[in-house]
Amino acid sequence: MPDMAGQVSRVLREAPPDQLAEAADRALRQVFGAARTEVFLADYRFTGLCPLLVPGRSPGPGAVRRCFSSQEPVLDTGEDGRCRVHLPLSVWGERLGVLLVELPSVPAAAIVHAVRDVAGELAVALRAADRETDRYRRARRRERLSMAAEMQWDLLPGRSVRHGDVLLAGQLEPAYTVGGDHFDWSVDEDRLTVTVLNGAGSGLAAALLTAVAVNAMRNARRSGGGLVEQAELASDTIFYQHRGRRHVATLLLELDCARGVVRAVDAGSPHVLRLRGGTVTPIALEQQLPLGMFAETRYDVQEFAVEPGDRLFVVSDGVYAAQPDGREAYGKRAMARAMRSTRLQPATEAVGTVMRELHAYHADADLRDDAVVVCLDWRGSSPPGDVGGR
């Protein structure tokens with residue numbers, strides 16, 4: 001069999017960054033005999049999938065959503081004998097959307113494998129092209145983003161990542177108006193660094209403060225500094241800019257993927273909870289001063305262990321302390337129930353479940369505070385250098 005996926009891949013490499021969907025469509029029609037194609041991108045809230053080629057086109061019955069959730073090919077054959085093949089668009093564990101390819105008949109396994117390779121190439125190309133064009137970000141939004149939200153989404157490393165035996169995912173809410181809450185991460189050999197920020201204030205001022213904190217921590221991390229150096233540089237930078245009037249509650253975590261040991265600097269209010277089996281347990285850490293509260297603040301590292309199969313949730317105060325209409329805080333009991341219900345879901349689905357339950361707890365009213373949920377799964381069985389994208 002000729003290298004059919006390779007032919008499409010070459011077309012994608014030569015396409016302009018804003019024309020990847022059209023280039024893939026032409027190549028899939030020519031090489032695979034596709035009757036039609038469509039590229040669906042996940043919206044900012046992960047509640048819908050937005051078409052690129054024909055804006056407004058419905059994803060159709062749940063095959064697109066099933067493919068996106070399961071990250072496996074879904075084949076749907078119509079009465080006319082044509083087969084709609086749905087392939088996940090994902091790269092390094094980040095779910096971007098779904099590629100739909102309609103073929104004249106049910107394809108052989110080798111064809112499905114080749115088209116899946118095309119989907120992988122398209123996902124990589126879309127992620128790279130996102131820096132060069134606004135087209136894909138426009139397609140993903142259901143409404144206009146606030147200026148603060150635009151800054152926060154641009155600052156994110158991604159929305160999920162797979163690194164060996166770790167799958168990590170995060171979600172911001174309210175997606176279109178989020179202010180200061182944020183998360184960041186980086187993978188480096190056998191180490192995963194995660195930070196969650198509970199931003200102070202709201203709107204553009206909160207987003208600017210968070211941007212300073214995140215970039216200060218990144219600067220220290222990229223210069224080889226550990227958690228303490230990251231926290232102290234960010235704290236000093238914020239203090240000398242605001243003289244203690246503004247500060248940022250932050251949790252810094254570093255997972256040793258080989259040993260299953262988490263090092264932590266707790267500089268404020270984000271909360272860590274462990275789901276082990278069916279039990280949700282808060283991880284007790286000694287809280288230290290939020291970043292930027294005082295000059296020359298020094299921080300200490302604490303450690304705790306994780307076991308294979310453990311799931312860690314990190315949530316901001318907008319999740320943990322949410323009290324709509326005077327009810328008890330979401331973190332009191334309802335949040336643990338939501339977390340337990342995610343046992344059979346991957347981390348990429350679990351963050352959405354906890355957020356949906358948070359919205360339901362608010363009786364679908366607008367959230368009163370920014371909210372961040374980060375979910376980290378550690379299987380603890382493969383060599384730390386084994387990095388996968390699916």
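Here the CZ-SG distance, from R142 to C50, works out to 4.0 Å after rounding to the nearest 0.5 Å. Rounded to the nearest 0.5 Å, atoms CD (Q71) and CZ (R66) are 14.0 Å apart.
For the pair R274 and F313, the NZ or CZ position fails the cation-pi test of under 6.0 Å to the six-membered ring centre and within 45 degrees of the ring normal.
For Q287, the CD atom counts as densely surrounded, since its 6.0 Å shell holds more than 12 non-hydrogen atoms of other residues, nucleotides or ligands. Within a 6.0 Å sphere centred on CZ of R141, other residues, nucleotides and ligands contribute more than 12 heavy atoms.
Counting only distance, with no hydrogens or angles, the side chain of Q230 and the backbone of G225 share a donor-acceptor pair below 3.5 Å. The main-chain N or O of G268 is found under 3.5 Å from a side-chain atom of D266 such that the two form a donor-acceptor pair. Under the 3.5 Å distance criterion, the side-chain polar atoms of Q288 are matched with a main-chain donor or acceptor of D300.
No side-chain heavy atom of L100 sits less than 4.5 Å from a side-chain heavy atom of V85. Looking at T250 and M217, their side chains come closer than 4.5 Å, going by heavy atoms from C-beta outward. Between V372 and H182 there is no side-chain heavy-atom pair separated by less than 4.5 Å. Residues E94 and S90 fail the side-chain proximity criterion, which asks for heavy atoms closer than 4.5 Å. Two residues are said to be in side-chain contact when any heavy atoms from C-beta on lie closer than 4.5 Å; L103 and S105 fail this criterion. With a 4.5 Å cut-off on side-chain heavy atoms, F32 and V115 count as touching. Contact check for C67 versus V64: no side-chain heavy atoms found under the 4.5 Å cut-off.
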task: Go through the steps for F40 and F68 under the test ring-ring contact (aromatic ring centres under 6.0 Å, His included), then give the verdict.
output: CA-CA 10 Å; F40 295 96; F68 184 73; over 10 Å; no

task: Could you check L253 against L227 for side chain to side chain contact (heavy atoms under 4.5 Å, CB included), going step by step and ending with a plain yes or no?
output: CA-CA 8 Å; L253 302 174; L227 295 185; 5.9 Å; no

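Salt bridge absent: R127 and E121 never bring a charged side-chain N and a carboxylate O closer than 4.0 Å. With respect to E150 and R144, no salt bridge is recorded, no charged nitrogen being found less than 4.0 Å from a carboxylate O. For the pair R137 and D130, the salt-bridge criterion is met [side-chain N within less than 4.0 Å of a carboxylate O]. A salt bridge links E296 to R298: one of the charged nitrogens lies within less than 4.0 Å of a carboxylate oxygen. Salt-bridge formation is not detected for the pair D256/R191: no Lys NZ or Arg NE/NH1/NH2 atom is positioned less than 4.0 Å from an Asp or Glu carboxylate oxygen. Salt bridge status for R84 with D76: present, with a side-chain N to carboxylate O gap under 4.0 Å.
Applying the ring pair (Phe, Tyr, Trp, His ring centres under 6.0 Å) rule to pairs touching residues 258-279 yields H271-Y320, sequence neighbours excluded. The ring pair (Phe, Tyr, Trp, His ring centres under 6.0 Å) analysis of residues 211-264, with sequence neighbours excluded, yields no pairs. Residue pairs meeting the side-chain hydrogen bond (donor to acceptor under 3.5 Å, both in side chains) criterion with at least one partner in residues 334-343, sequence neighbours excluded, are R311-T342.
Other members of the cluster containing V74 do not exist, because no ILVMFWY side chain is joined to it at under 4.5 Å.
In this structure P346 satisfies the side-chain contact (heavy atoms from CB on, under 4.5 Å) test together with L167, T348, E349, sequence neighbours excluded. Applying the side-chain contact (heavy atoms from CB on, under 4.5 Å) test to S235 and every residue at least two apart in sequence or in another chain returns L291, T297, Y299.
V196 and L209 fall into different hydrophobic clusters, where Ile, Leu, Val, Met, Phe, Trp and Tyr side chains are chained together by heavy-atom contacts under 4.5 Å.
In summary, the side chains of T37 and E102 do not present any donor paired with an acceptor at a separation below 3.5 Å, with no hydrogens or angles considered. Looking at H359 and R45, their side chains do bring a donor and an acceptor atom within 3.5 Å of each other.
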